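Down below is the structure, laid out as structure tokens.
Every chain is numbered from 1, with letters handed out A, B, ... down the list of sequences. Here the structure is a predicted model, which is why all the values come from computation and not from measurement.
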Number of protein chains: 2
Amino acid sequence: MDIRHADRIADALEELIFTAEFEDNARLDEVRLAERFAVSRTPVREALQRLVASGIAIQIPRRGVFVRQPGPVELLEMFEVMAELEASCGRLAALRISTADIARLETANENCLSAIDAGDSDAYYRENEAFHHLIYKASGNGFLEQEALRLHRRLKPYRRLQLRLHGRMSQSMQEHQRILSALRDGKSDRAATALRDHVAVQGEKFHRLLANLKPAAE
Amino acid sequence: MDIRHADRIADALEELIFTAEFEDNARLDEVRLAERFAVSRTPVREALQRLVASGIAIQIPRRGVFVRQPGPVELLEMFEVMAELEASCGRLAALRISTADIARLETANENCLSAIDAGDSDAYYRENEAFHHLIYKASGNGFLEQEALRLHRRLKPYRRLQLRLHGRMSQSMQEHQRILSALRDGKSDRAATALRDHVAVQGEKFHRLLANLKPAAE
DNA sequence: GTCAACGATTTTGTATACAATACATTCGAG
DNA sequence: CTCGAATGTATTGTATACAAAATCGTTGAC
């Protein structure tokens, strides 16, 4: 084992929480986790601190740390912020993007199309992600890129749920085209709006999904 | 001592780094810090982890953790993201703000004016901060509010430097008026643009400040 | 004189031991 | 029977001890 146990455990715990292995508000027992990972409490505690710092768990002093799955409201809020962040990336990218990066975006887009034709939704997911990550980078703002990546990653488990809804993919590709054309033309406002709407659709889908789950609840 | 040592030390270290007590790339020696705070290495290590998680320091495995002051480029990037985040807050707030919150903004604004008249720049700083925090909250998006607060806080030490530049305050108040009127009218795009420009000015000032500091350096 | 390899020292990472606080159960008073 | 206090137990927070890795210095070969 050439890697720090604390890091390994933090990654493992994050994965376990994202895959809903631990339910919301579950206490993350230090000694149980220590036994489970066959280490002492020390690296477990460091891993827990990392989870708390990243917001997927909360710590109540002298009580322990507890899983904190975002509720429906917070998820919608996070999707909304994602849309705003991507809009910002688009706004800046329209002013700064290089021809090389435009070419890369076009390639990713074509790969998306190929994946749709092949019916390979995993490949579509991957190439779609590449498309968006390229836009983050093309913003020319490394800090913004990192923040966008961070939230994107955090929302990943929830995005997977809604990908395979009926005619979404082809509509999504049209939106990609609009984004691309705005970037090519250097129209920052158009690029921002196109990206915001494109991402916001995911929030809408999610909203509808929730509404269907709990028809008249609360 | 009824508070966790780790938390106290983390706050203290953060403050020390923000006030440039530790210079960039300085190693944060666990045992020295432990002696300094009169505790063992354990709570010091937890504090360091928190610094690393918040990006104020970086950790090189088996080497230690080192202060990581953002360089000029990254600072400009952070100011740019701050401008974008506030623009997003303004966009959403224009759609959702309550009359009560508008009244609160007006109050904060009046307090800003009073502070200027009184020549009390500390009070101005405080009320200006309140104005912006109110807008974050008025976005109606708690997650966005937290993210904005986080970055705002992170940029705080750098904002203090440039506050007392010549005629900035009165210009700033005019911008606040424009923001307020856009919010009152529910014009989301206008509010977003007004806020983006308002905040971006700080980045510009900072840019100029840097250019003056190192006229032809590197 | 330079460079490399080996050993000593320092420092991080982990394990364990101890302290202090919170929780639960039980016992007793009303 | 219900509520509350007290003690016992469990769990977090901190200190210390140990292990492993990296840095530094020295020594020796070329």
Side-chain angles (χ1 to χ4, degrees), chain A residues 1-18 20-70 150, chain B residues 1-18 20-70 150:
Chain A
M1 213 60 67
D2 59 338
I3 197 103
R4 290 178 22 135
H5 288 165
D7 292 345
R8 178 175 57 87
I9 294 168
D11 290 344
L13 284 177
E14 200 170 306
E15 185 65 21
L16 286 174
I17 292 175
F18 280 164
E21 195 92 3
F22 292 118
E23 59 185 6
D24 195 19
N25 283 70
R27 190 168 74 88
L28 294 169
D29 191 294
E30 295 179 0
V31 299
R32 289 176 64 92
L33 292 173
E35 288 171 6
R36 176 164 183 169
F37 290 104
V39 294
S40 76
R41 279 174 54 218
T42 309
V44 170
R45 278 178 66 85
E46 290 199 3
L48 291 181
Q49 298 258 340
R50 259 182 52 176
L51 298 188
V52 170
S54 70
I56 61 185
I58 59 173
Q59 177 177 43
I60 304 176
R62 309 251 173 222
R63 295 280 304 268
V65 358
F66 301 83
V67 174
R68 176 164 171 346
Q69 299 280 14
R150 202 168 55 89
Chain B
M1 214 61 65
D2 59 336
I3 195 97
R4 292 181 17 139
H5 289 165
D7 292 345
R8 179 175 57 87
I9 294 168
D11 290 344
L13 284 178
E14 200 169 305
E15 186 63 23
L16 286 173
I17 292 174
F18 280 165
E21 197 92 4
F22 293 118
E23 58 185 7
D24 195 20
N25 283 72
R27 189 169 74 87
L28 294 169
D29 191 293
E30 294 178 0
V31 298
R32 288 176 64 92
L33 292 173
E35 289 171 6
R36 175 165 182 167
F37 290 105
V39 294
S40 77
R41 280 175 54 218
T42 309
V44 170
R45 278 178 66 86
E46 290 199 2
L48 291 181
Q49 298 258 341
R50 258 183 50 177
L51 297 188
V52 169
S54 69
I56 300 172
I58 59 172
Q59 178 178 43
I60 306 176
R62 307 247 173 226
R63 294 279 304 268
V65 359
F66 302 83
V67 174
R68 180 168 169 337
Q69 300 281 11
R150 202 167 55 90

Quick one: pull up CD1 in A:Ile56 and CG in A:Leu13 and give me the separation to the nearest 0.5 Å. 8.0 Å
Roughly how far, to the nearest 0.5 Å, is the CZ atom of B:Arg36 from the CD1 atom of B:Ile9? 11.0 Å
Whether A:Ser40 contacts C:dA15 is assessed here as follows: a side-chain N or O lying under 4.0 Å from the phosphate OP1 or OP2. Is that the case? yes
Separation of atom CZ in B:Arg32 from atom P in C:dT11, rounded to whole Å: 9 Å
Rounded distance (nearest 0.5 Å) linking atom CG of A:Leu16 with atom CG of A:Leu51: 10.0 Å
In whole angstrom, give the distance that lies between atom CZ of A:Phe66 and atom C1' of C:dA22. 11 Å
Distances for protein N or O near nucleotides 11-13 of chain D N or O, under 3.5 Å:
from: D:dT11; atom 1: O3'; to: A:Arg27; atom 2: NH1; distance (Å): 3.3
from: D:dT12; atom 1: OP1; to: A:Arg27; atom 2: NH1; distance (Å): 2.5
from: D:dG13; atom 1: OP1; to: A:Arg62; atom 2: N; distance (Å): 3.1
from: D:dG13; atom 1: OP1; to: B:Arg4; atom 2: NH1; distance (Å): 3.0
from: D:dG13; atom 1: OP2; to: A:Arg45; atom 2: NH1; distance (Å): 3.0
from: D:dG13; atom 1: OP2; to: A:Arg45; atom 2: NH2; distance (Å): 3.3
from: D:dG13; atom 1: OP2; to: B:Arg4; atom 2: NH1; distance (Å): 3.3
from: D:dG13; atom 1: O4'; to: A:Arg62; atom 2: NH1; distance (Å): 3.3
from: D:dG13; atom 1: N7; to: A:Arg41; atom 2: NH2; distance (Å): 2.8
from: D:dG13; atom 1: O6; to: A:Arg41; atom 2: NH1; distance (Å): 3.1

Measuring from atom CG of A:Leu28 to atom CZ of A:Arg45, what distance do you get when rounded to the nearest 0.5 angstrom? 12.5 Å
Side-chain ion pair, B:Arg4 and B:Asp7, N-O less than 4.0 Å: yes
